[in-house]
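Along the sequence shown, residues carry numbers from 1. Just so you know, ligand 1 is whichever comes first in the structure, and atom 1 is the first atom listed for that ligand.
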Amino acid sequence: MNMRLFGQVPEGDVYEVTLENRRGLKARILSLGATLRSLEVPDAEGNLRDVILGYDTAEEYWNGQSYLGAAVGRFANRIGGACFFLNGREYRLDANEGRNQLHGGTYGFSRRLWMPIVKSGQEAVFRLTSPDGDMGFPGQLDAEVCYRLEGNALRISYRASASAATPLSMTNHSYFNLAGHGSGTVGTHKLTVRADCYTPTDTEMIPTGEIRPVAGTLLDLRDPVEAETLWNAPELSRTRGLDHNFVLSGGEGPAAVLTAPDGRLSLEVSTDCPAVQVYTAGFLEEQRGKDGAVYGPHHAVCLETQAFPDAVNHPEFPSAILEPGRLWESETVYRFEGAGLAKGRRAQMIYL
Ligand code: BGC
């Protein structure tokens with residue numbers, strides 16, 4: 001049985017599901033927050049590298065403020081003033097970052113106990129019912145997150161339906177460090193983001209409504225950039241590096257690529273979402289992580305595929321409203337390329 005009791009939080013028991021495939025990918029997912037707790041990938045020597053930051057105990061996840069690996073919802077990133085109008089009604093949300101809402105509120109999806117359903121050794125689904133009025137959002141929402149290992153990749157698929165129109169944007173908030181979690185900053189990782197534009201924000205990190213070209217700015221990541229050049233730039237001091245919503249350009253190829261300092265492991269992120277929040281974890285506080293690791297600022301990069309932040313208050317942004325009776329589906333694929341995986345590819349040919 002690839003499910004075990006992991007711990008307890010005030011809401012109840014937390015379970016951990018382990019998925020594993022023949023390429024050597026191994027993922028551990030918690031029912032608390034449908035959280036990706038570890039993602040092990042074979043490195044050049046075939047040794048497993050855990051490339052996700054995480055904690056050892058359920059209590060640390062419950063008390064954590066950084067959304068390590070969590071499924072985030074109902075609405076990823078911020079809703080300005082924790083308030084919006086929809087169909088002639090005003091909705092007041094739980095405000096958990098000053099007067100704004102961040103990542104769905106104090107008890108957003110990242111702090112809920114999801115129902116785990118193990119489909120196979122490579123696939124598990126997590127279900128959550130978010131009641132009408134949850135954190136202030138309208139309508140009951142039935143949500144599902146599916147984790148599936150497919151060859152060199154982890155696919156995360158989301159489905160949801162609602163009993164009333166509601167803003168919806170779910171993401172996964174994994175912190176990636178391709179040198180292995182606990183190996184310090186990601187300064188010499190290289191980052192590429194296929195985005196011609198981004199959405200500038202005010203001092204409270206709420207979008208101004210502008211969609212601004214990246215050309216000629218530090219946010220032009222269409223060619224690979226070393227991560228530390230971003231947090232060393234005075235222009236990006238307010239956000240301590242990147243904490244920006246990039247408007248994905250679409251077309252062929254991944255939305256974002258992250259490459260380890262040794263160049264021997266890369267992560268390619270592909271998605272059907274219109275945008276990605278790229279966060280170089282400048283605000284990640286020094287803290288203890290898994291297996292005695294110590295984490296701190298810039299020890300990871302988050303690539304949070306999402307709708308535009310605060311879309312519900314910006315008619316000029318693509319709509320992020322789920323209408324009742326409609327099925328909302330979204331998916332993001334995290335594909336790894338590297339020397340160790342090439343060996344895995346040969347292995348798979350033998351098994352197939
Ligand atoms: C936000 C950051 C925030 C981080 C952790 C990111 O998605 O954009 O501003 O600090 O999540 O909460």
Asker: Relative to the heavy atoms of N77, which atoms of ligand 1 are at a distance of less than 4.0 Å?
Answerer: 8 (O)
Asker: Without swapping roles, check the side chain of T239 against the backbone of L242 for a donor-acceptor pair under 3.5 Å.
Answerer: no
Asker: Could you find the nearest protein heavy atom to atom 7 (O) of ligand 1 and give me its residue, atom name and distance?
Answerer: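 Atom 7 (O) of ligand 1 sits closest to the protein heavy atom E304 OE1, 2.5 Å.
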Asker: Can you tell me which residue and heavy atom of the protein come closest to atom 10 (O) of ligand 1, and the distance to 0.1 Å?
Answerer: Y279 OH, 3.5 Å
Asker: Is the charged tip of R127 near the ring of W114: under 6.0 Å from the six-membered ring centre and within 45° of its axis?
Answerer: no
Asker: Is R194 paired with D223 through a side-chain N to carboxylate O contact shorter than 4.0 Å?
Answerer: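 Salt bridge flag = no for R194 with D223.
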Asker: Among all the protein's non-hydrogen atoms, which is closest to atom 11 (O) of ligand 1, and how far away is it?
Answerer: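 Nearest protein contact, heavy atoms only, for atom 11 (O) of ligand 1 is H173 NE2, 2.8 Å.
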Asker: Quick check, are the ring centers of Y91 and F85 under 6.0 angstrom apart?
Answerer: no
Asker: Provide the number and element of each atom of ligand 1 under 4.0 Å from a heavy atom of Y67.
Answerer: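 Once the distances to Y67 are compared, the set is 12 (O).
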Asker: I'd like to check which ligand 1 atoms, numbered from 1 as shown, lie under 4.0 Å from a non-hydrogen atom of Q277.
Answerer: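 The atoms of ligand 1 under 4.0 Å from a heavy atom of Q277 are 8 (O).
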Asker: Look at the aromatic rings of F246 and H244 and report parallel, tilted or perpendicular, splitting at 30° and 60°.
Answerer: tilted
Asker: For atom 3 (C) of ligand 1, what is the nearest protein heavy atom, given as residue, atom name and distance?
Answerer: R78 NH2, 4.0 Å
Asker: What atoms in ligand 1 come closer than 4.0 Å to a heavy atom of D243?
Answerer: 1 (C), 2 (C), 8 (O), 9 (O)
Asker: Salt bridge check: are R78 and E97 linked by an N-O gap of less than 4.0 Å?
Answerer: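 So R78 pairs with E97 through a salt bridge.
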